[in-house]
2 protein chains.
Amino acid sequence: MSIEKVARFAGVSTATVSRVLNGYKGVRPATRERVLAAIAACQYQPNLLARQLRTSQSRMLLVLVSNIINPFCSRVVRGIEAEAEAHGYHILLCNSDSQTQRESAYLTLLSGKVVDGVITMDAASNLPELRKMIGDSPWIQCAEGNPDMTGSSVTIDNQQAARKAVQHLAQRGRRRIAMINGDPRYFYAQQRESGYRSALAELDLPWSGVEYANEVECEAGFAAMKRLLEAEEPPDAVFTVSDVLAVGAMHCARQHQLTIPQDLAVLGFDGLPWSAMLSPPLSTLEQPMHQLGTRSVQLLLQRIKNPLAPQVHERLPCQLVARASS
Amino acid sequence: MSIEKVARFAGVSTATVSRVLNGYKGVRPATRERVLAAIAACQYQPNLLARQLRTSQSRMLLVLVSNIINPFCSRVVRGIEAEAEAHGYHILLCNSDSQTQRESAYLTLLSGKVVDGVITMDAASNLPELRKMIGDSPWIQCAEGNPDMTGSSVTIDNQQAARKAVQHLAQRGRRRIAMINGDPRYFYAQQRESGYRSALAELDLPWSGVEYANEVECEAGFAAMKRLLEAEEPPDAVFTVSDVLAVGAMHCARQHQLTIPQDLAVLGFDGLPWSAMLSPPLSTLEQPMHQLGTRSVQLLLQRIKNPLAPQVHERLPCQLVARASS
DNA sequence: CTGTTAGCGCTTTCAG
DNA sequence: CTGAAAGCGCTAACAG
């Protein structure tokens, strides 16, 4: 069931079969019919690998995330996939767990021509060795990425978002605002922490407290909150870097007999749909998750089409949704 | 930077370069060194596409899920990816949204030799046209799949799990136990509903009420609960087919001034980590999500290695975790 | 131990 | 409008 058999069956050359397969115009209707019939008769299925090798394009995109279990990631990936599919591309998913070794293993698919480009949602850009592997292959950093560096990116303004968070909490009368941050190797985590600190300074709030969650799971949020609450001077508000962490933080507060928001105000991040349905409903900074994904694909495809396209750093809007938890 | 250039550079044949690349033993250390040096000098990166075409194996697995946003799916996929990676395989992710057309578009990657096998978490097995596309390519159905049909599967005993759910709720004194089910095109949904109804019958509970959520999102759970609560005879307990739906159901109950579990007992499904941290903590049927994924890969790889391996239908255990919501 | 050679299945000039 | 033929880059017999 190769193209040759079909050709023999139809009594034409392989070139002609290829032409009808790819919908070229210059084929006499009669022969086209004959070829089509042969294809059906042979139950022919093109070998995509061979085609990809020959045309040197796979129409596949590599998506490197730290962990698809993070609902923020899965929603962005959904956007990526939707847009990719709309342009006839497929996606290869890789969970790196932020392990350099795994990331580089996946990046060989890039140099190996198995994928036409890559979207990273990981801290890859911070590692010179990975940047080197990517070389100047088409690459977009999504929801992470330092504009001062090379490589296009589409993100929100993380520093600004964190400032909004602190300002909101301060407006509600909170004085000891803590932060539960993510892995500080991420640029987004650095930015949010910097925004947090600068807002605190501007508002003349001397108290600060930052704890790091080792992963984006509610248990990690719980543990971080515990450390915060059992410190000498516990916070009266907490800003977490993910709604998932906020769930853990809220649970911990309840275990400590604290009422939300009276005793502790809680503010999440991401804007996952279920944040509105928690008890109490969670205030959060809503990220345009789907759009982060679709836009990344648009820029990536643009880059694939024209490798010389200029690098861009897009910033998508992010807004605070105030609810009962703060 | 093809293998030929490296060969020329090292003064050997392409065969020898290929040999050292693939770690064959029969190469004199001296030549091996020379080749290695040439590879480094040329910054050679093997074209994986060419290799895949030649060896006719891509070491890629297609994973067909309805929607990666469902946390149950993302956790299973995590298991799939972990096991796949451990065996040197990569995964191609497809969100089908249960649209036949999209599923079949992805399945061409199977016939096109882009992937060596497929794991479906979708209702694909229920559609003859898709089964035909899969043909006898290596295929495992994960968390879904009718044992009466061809095609190996690894699932839990959905019928049994639903019975446990009803029994638990009845034991707690509930008489009007409702169910919020998923898309009834899924075999798992059919099985759970059948388990629900048979348990009700066995317990002599005449009241029943089933609503269907059109997607696994909390909003859908909310809407379904609303229909249930606004009916003439509202339930005093509800069993949802996913923890995500339970979040919506609980929120709806609160809006209706109902206290959980006094006025309404709630029981979820899946056992997502954050279910324990809701307020009140959610009782749920815990599925072995990670294992569902890893086991599927094991069976699939077995099948890829030996296409004649017998079909199996594995059932993994699932247990009820009782918490404050019921 | 190493080289020669024949493809994997497809697309794409270049002739006719 | 159609065919012949040259590869894409790699692996794997088969010789030597």
Side-chain angles (χ1 to χ4, degrees), chain A residues 1-39 42-60 88 108-116 137 304, chain B residues 1-39 42-60 88 108-116 137 304:
Chain A
M1 19 122 186
S2 67
I3 209 174
E4 204 188 327
K5 279 194 190 138
V6 176
R8 211 143 39 202
F9 193 94
V12 298
S13 73
T14 61
T16 301
V17 177
S18 175
R19 283 194 265 260
V20 340
L21 236 32
N22 294 287
Y24 281 73
K25 36 213 72 221
V27 180
R28 191 158 22 117
T31 20
R32 144 165 279 115
E33 285 313 315
R34 207 139 38 86
V35 170
L36 252 21
I39 287 173
C42 302
Q43 293 196 294
Y44 168 72
Q45 321 252 208
N47 182 314
L48 269 20
L49 238 35
R51 178 179 294 170
Q52 290 172 6
L53 174 60
R54 181 56 227 243
T55 61
S56 60
Q57 64 157 333
S58 65
R59 297 188 84 81
M60 297 231 270
T108 59
L109 296 176
L110 229 200
S111 57
K113 310 293 181 192
V114 174
V115 296
D116 294 339
S137 302
I304 289 172
Chain B
M1 17 120 188
S2 67
I3 211 176
E4 202 186 329
K5 279 193 190 136
V6 176
R8 209 143 41 204
F9 192 95
V12 297
S13 74
T14 61
T16 301
V17 176
S18 175
R19 282 195 268 262
V20 340
L21 236 34
N22 294 287
Y24 281 72
K25 35 213 74 217
V27 180
R28 191 159 21 119
T31 21
R32 143 165 279 115
E33 286 312 316
R34 207 140 38 87
V35 171
L36 253 20
I39 286 173
C42 302
Q43 294 196 295
Y44 168 72
Q45 320 251 211
N47 183 312
L48 269 19
L49 236 35
R51 178 179 293 171
Q52 290 173 7
L53 174 61
R54 181 58 228 240
T55 62
S56 61
Q57 62 156 334
S58 64
R59 297 189 82 81
M60 298 230 271
T108 59
L109 296 176
L110 230 200
S111 57
K113 308 294 179 192
V114 174
V115 297
D116 294 340
S137 301
I304 288 172

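In what follows, chains carry the letters A, B, and so on, assigned in the order in which the sequence lines appear, proteins first and then strands, with residues in each chain numbered from 1. Computed from heavy atoms alone, side chains included, the values below leave out hydrogens, waters and symmetry copies.
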Note: A/Asn47 and A/Leu49 closest approach over all heavy atoms is OD1-N, 2.9 Å
Looking only at heavy atoms, the pair that brings B/Ser111 and A/Gln45 closest together is OG-NE2, 3.5 Å
Does B/Gly11 reach a base, just sugar-phosphate, or nothing at all? Heavy atoms under 4.0 Å. sugar-phosphate
Have a look at A/Ser56 and say if it touches a base, only the backbone sugar-phosphate, or nothing, with a 4.0 Å heavy-atom cut-off. nothing
Write down the distance between CG (B/Leu49) and P (C/dT11), rounded to a whole number of angstrom. 13 Å
What is the separation between atom CZ on B/Arg34 and atom C1' on C/dT2, rounded to the nearest whole Å? 11 Å
Quick one, give me the B/S/- string for nucleotides 9-16 of chain D, reading 5' to 3', where B means a protein heavy atom under 4.0 Å from the base and S means that only happens at the primed atoms, P, OP1 or OP2. BBBB----
Please step through side-chain contact (heavy atoms from CB on, under 4.5 Å) for the pair B/Met60 and A/Val114, ending with a clear verdict. CA-CA 11 Å; B/Met60 298 230 271; A/Val114 174; 3.8 Å; yes
Given C/dT2, is OP1 or OP2 found less than 4.0 Å from the side-chain N or O atoms of B/Ser13? no
More than 12 foreign heavy atoms under 6.0 Å from CD of B/Glu4: is that the case here? no
Any side-chain heavy-atom pair from B/Ile39 and B/Val20 closer than 4.5 angstrom? yes
Using side-chain heavy atoms (C-beta onward) and a distance below 4.5 Å, is A/Thr14 in contact with A/Ser18? no
